[in-house]
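Computed from a predicted structure; not experimentally measured. Convention: sequence-line order gives letters A, B, ...; per-chain numbering from 1.
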Amino acid sequence: MLSKLPTNVPPHLSLRFLKIYCNSGDLQRARHLFDQIPEPDLRAWTVLISGYTRHGLLKESVSLYASLRARQIAPDSLLLLSVAKACAALGDVRNAKELHDETIRFGFHSDVALGNAMVDMFGKCRYVDGARRVFNGMAVKDVVSWTSLCSCYVNCGLPGQGLAAFREMGLNGVRPNAVTVSSILPACSELKDLKLGREIHGFVLKHGMEENVFVSSALVNIYASCLSIKQAQLVFDMMSKRDVVSWNVLLTAYFSNRDCEKGVALFCRMRREGVKLDGASWNAVIGGCLNNGQTIQALKMLGQMQESGIKPNQITITSLLPACKDLESLRAGKEVHSYIFRTCLMEDLATTTALVFMYAKCGELELSRRVFDMMPRRDTVAWNTMIIANSMHGDGEEALLLFRKMLDSKVKPNSVTFTGVLCGCSHSRLVDEGIVVFDSMRTDHSIEPDADHYSCMVDVLSRAGRLVEAYQFIQRMPMEPAPSAWGALLGACRVHKNVDLAKIAANKLFEIEPDNPGNYVLLSNILVTANRWEEASETRKLMRDRGITKTPGCSWVQVRNRVYSFVSGDRSNERSEEIYKFMVDMGEKMRLAGYVPNTDFVLQDVDQEEKVGILCNHSEKLAVAFGILNMNGESTIRVFKNLRICGDCHNAIKFMAKIVGVQIIVRDSLRFHHFKNGDCSCRDFW
DNA sequence: ATAGGGTTAG
């Protein structure tokens with residue numbers, strides 16, 4: 001290939017050829033020619049560098065600029081503009097700062113175009129303060145300067161400040177253009193500021209901007225997110241020309257409106273009408289189906305996407321991964337992991353974060369940690385995810401440790417961080433630590449605790465048995481307590497056997513979430529354990545009268561790529577005979593090892609012997625037994641249960657894990673339990 | 001020189 005390059009372009013034509021090669025995207029040829037020019041002048045450098053920038057070879061562009069400077073050549077504003085674009089697209093703030101220094105060094109501080117490019121560049125590097133500082137320092141500001149500032153705020157997740165800058169712009173007598181409008185409308189969508197959106201719509205019509213496809217697509221979007229899909233559709237139908245983005249806006253609107261069928265129908269229409277679909281169209285339909293529970297349809301679309309020659313990108317993957325959350329998806333999740341690895345998507349923060357969470361949800365905390373440790377960079381969401389993962393698995397100490405490391409590495413915590421840390425504290429009996437963290441929210445981090453944080457604190461106190469304190473804490477809350485606050489108290493009343501507080505909490509829950517069967521069942525169980533049969537049956541009656549039925553307990557276990565489910569007393573499995581025989585043998589070994597059945601967990605009013613029998617029927621025990629019977633060299637058995645694990649089962653599984661010499665991981669409705677060597681990771685504190 | 005759509009944590 002290289003041998004065919006014209007090696008003898010006459011010197012007076014080399015610049016012209018350089019331009020031709022750069023414009024056609026043949027940078028290799030351009031570079032080859034450039035290297036043959038004995039003393040390339042500034043024009044030649046500029047042509048090559050902007051060629052690199054334009055074709056996305058950003059690092060080359062920046063490093064080429066460095067070699068130009070190493071030769072003591074002074075840049076002009078045109079060249080700096082091109083490098084600024086490269087720095088903006090790279091998003092690396094260090095490069096950006098260095099380039100900004102260069103513009104000062106070479107005396108371009110009053111160049112409006114370059115100033116605008118600096119604002120834009122810092123904005124794209126998410127360096128908001130830098131962008132504002134450059135903007136403030138500009139002696140002359142035009143509509144582009146203001147627009148760049150607005151989009152900096154909007155794209156850095158500060159829509160409020162974006163709107164403020166937009167208003168400031170108006171006060172300064174600068175009239176927005178179509179670019180300004182399309183930059184600021186997303187902020188209106190995000191803040192649900194329909195009033196301003198409508199004003200802008202009026203302005204658009206008055207100035208004939210509705211022909212601009214960027215503007216009208218942004219209008220469709222704001223109507224979809226603030227008003228209704230119907231209004232959005234109306235604006236869409238009025239558009240004189242549409243491109244793929246306009247269609248994608250509407251497509252996304254249908255799915256976020258939970259109308260999966262219409263979304264898919266619109267997607268089919270797009271294909272029929274020959275809209276040139278791009279990756280975002282596919283991502284919208286795949287993500288939309290997944291978010292509406294249509295996993296099969298989503299996978300079908302994923303296949304078609306690949307057939308059509310568009311590769312799943314980091315966004316496809318990050319919307320796909322959260323769907324891998326149960327036993328049967330771990331294998332799929334691992335496949336996605338290897339795809340990410342093969343296609344070099346490990347660099348992407350959102351993707352790796354989703355991967356970390358996927359493993360945690362599938363019960364693989366160790367894999368989750370390994371991915372997290374390999375991340376080159378971690379933002380707030382990444383740290384939060386790892387903290388939450390450990391909390392879910394009941395490792396509050398690790399969650400706290402991660403929280404401290406997060407603060408040490410200067411990543412700012414947000415309100416989710418505290419929900420995660422406090423949840424970890426509650427599962428690991430870290431009461432004093434929890435209180436310190438909760439208090440630090442206001443004092444050290446200026447984050448006002450919300451109802452969820454208060455619920456976590458109720459959980460911290462009540463799990464530790466400090467029920468009265470927890471109750472007082474609820475009463476002192478500055479907002480209406482969420483069901484989770486009373487739920488935490490009620491759950492702990494069962495463990496710590498406090499009937500009076502249980503009744504208070506349950507009655508509150510019967511008011512605020514009357515349709516949740518769990519509350520009735522829990523109170524009834526507490527009353528049965530306290531031998532208050534009459535009150536227990538009253539609770540059952542209340543439940544019946546309200547037409548609420550108990551959610552049946554169900555457990556799942558995976559054996560050789562198939563998931564088997566069990567309900568209490570299940571005999572539908574083809575190996576049921578064996579399972580029950582195994583339970584009898586195992587029961588014998590367990591008793592020898594010191595296991596005593598705890599019939600407090602049997603709620604039927606039957607004699608002792610029958611109670612022991614009923615305990616053996618629990619779905620989680622059956623699932624574990626089936627898992628053990630089918631072991632084939634694995635060291636871990638994973639069982640998921642839809643409700644909370646039963647206390648007797650929790651004890652029994654500890655014995656089973658020890659006797660068989662295997663690790664058993666059970667995910668119940670609240671968290672993960674890791675049983676190993678006769679102990680559970682929750683240290684019986686659940 | 002500036003622009004619209006698809007993504008991750010509770």
Given atom NZ of A:K361 and atom C1' of B:dG10, what is their separation to the nearest angstrom? 12 Å
Quick note, A:A218 side chain, CB onward, closest among B:dG4, B:dA9, B:dT8 is B:dG4
Between B:dT8, B:dG4, B:dT2, which nucleotide has the shortest distance from any of its atoms to the side chain of A:S217? B:dG4
Using a 4.0 Å heavy-atom cut-off, does A:V249 contact any base of the nucleic acid, only the sugar-phosphate backbone, or nothing at all? sugar-phosphate
Over all strands shown, is A:S415 touching base, sugar-phosphate only, or nothing at heavy-atom distances under 4.0 angstrom? base
Given B:dG4, B:dG6, B:dT2, the nucleotide with the shortest approach to the side chain of A:N177: B:dT2
Look at atom CD of A:E347 and say whether more than 12 heavy atoms of other residues, nucleotides or ligands are closer to it than 6.0 Å. no
Look at the side chain of A:S183 against the base of B:dA3 and say whether a donor-acceptor pair falls under 3.5 Å; ignore hydrogens and angles. no
Determine, step by step, whether A:D120 and A:K124 satisfy the salt bridge (Lys or Arg N to Asp or Glu O under 4.0 Å) criterion, reporting the C-alpha distance in whole Å, the side-chain angles of both residues, the deciding distance to 0.1 Å, and the verdict. CA-CA 6 Å; A:D120 180 56; A:K124 297 239 162 69; 2.9 Å; yes
Scan A:S246 against the nucleic acid and name what it touches under 4.0 Å (heavy atoms): base, sugar-phosphate only, or nothing. base
What about the rings of A:F267 and A:W282, do their centers lie closer together than 6.0 Å? yes
Are the ring centres of A:H337 and A:F341 closer than 6.0 Å? no
When all nucleic acid strands are considered with a 4.0 Å heavy-atom cut-off, which category describes A:G279: base, sugar-phosphate, or nothing? base
Whole-Å gap separating P (B:dT2) and CE (A:M118): 11 Å
Rounded to whole angstrom units, what separation is found between the CG atom of A:D459 and the C1' atom of B:dG10? 14 Å
N/O donor-acceptor pair, side chain A:N212 with base B:dA3, under 3.5 angstrom: yes
With under 30° as parallel and over 60° as perpendicular, where do the rings of A:F135 and A:W146 fit, or are they tilted in between? perpendicular
Below the 4.0 Å mark, does B:dA3 have OP1 or OP2 next to a side-chain nitrogen or oxygen of A:K124? yes
Between A:E398 and A:R404, does the salt bridge (Lys or Arg N to Asp or Glu O under 4.0 Å) criterion hold? Intermediate values first, please. CA-CA 10 Å; A:E398 183 66 19; A:R404 293 196 186 110; over 6 Å; no
When you measure only distances, ignoring hydrogens and angles, does the side chain of A:T318 come within 3.5 Å of the base of B:dT8 through a donor and an acceptor? no
Could you state the CZ-C1' distance from A:F357 to B:dG10, rounded to the nearest angstrom? 8 Å
Measure from CD1 on A:I200 to C1' on B:dA3 and round the result to the nearest Å. 13 Å
Atom-to-atom span, CG of A:D452 to P of B:dG10 - whole angstrom: 11 Å
Select base, sugar-phosphate, or nothing to describe what A:V213 touches, counting heavy atoms under 4.0 Å on all strands. base
Picking from B:dT2, B:dG4, B:dT8, the nucleotide nearest the side-chain atoms of A:D120 would be B:dT2
Can you identify which nucleotide, out of B:dG4, B:dA1, B:dA9, has its nearest atom closest to the A:V112 side chain? B:dA1
Kindly say whether, by distance alone, the side chain of A:D278 makes a donor-acceptor pair under 3.5 Å with the base of B:dG6? no
How would you label the contact of A:D379 with the nucleic acid (heavy atoms, under 4.0 Å): base, sugar-phosphate, or nothing? nothing
Rounded off to whole Å, could you give me the CG-to-P distance for the A:L81 and B:dT2 pair? 9 Å
B:dG10 base / A:T419 side chain donor-acceptor hit below 3.5 Å: no
Of all the nucleotides listed (B:dT7, B:dG10, B:dG4), which has the minimum atom distance to the side chain of A:I388? B:dG10
Where the side chain of A:V144 is concerned, which of B:dG4, B:dA1, B:dT8 is the nearest nucleotide? B:dA1
Gap between atoms CG and P, on A:L302 and B:dG6 respectively (whole Å): 19 Å
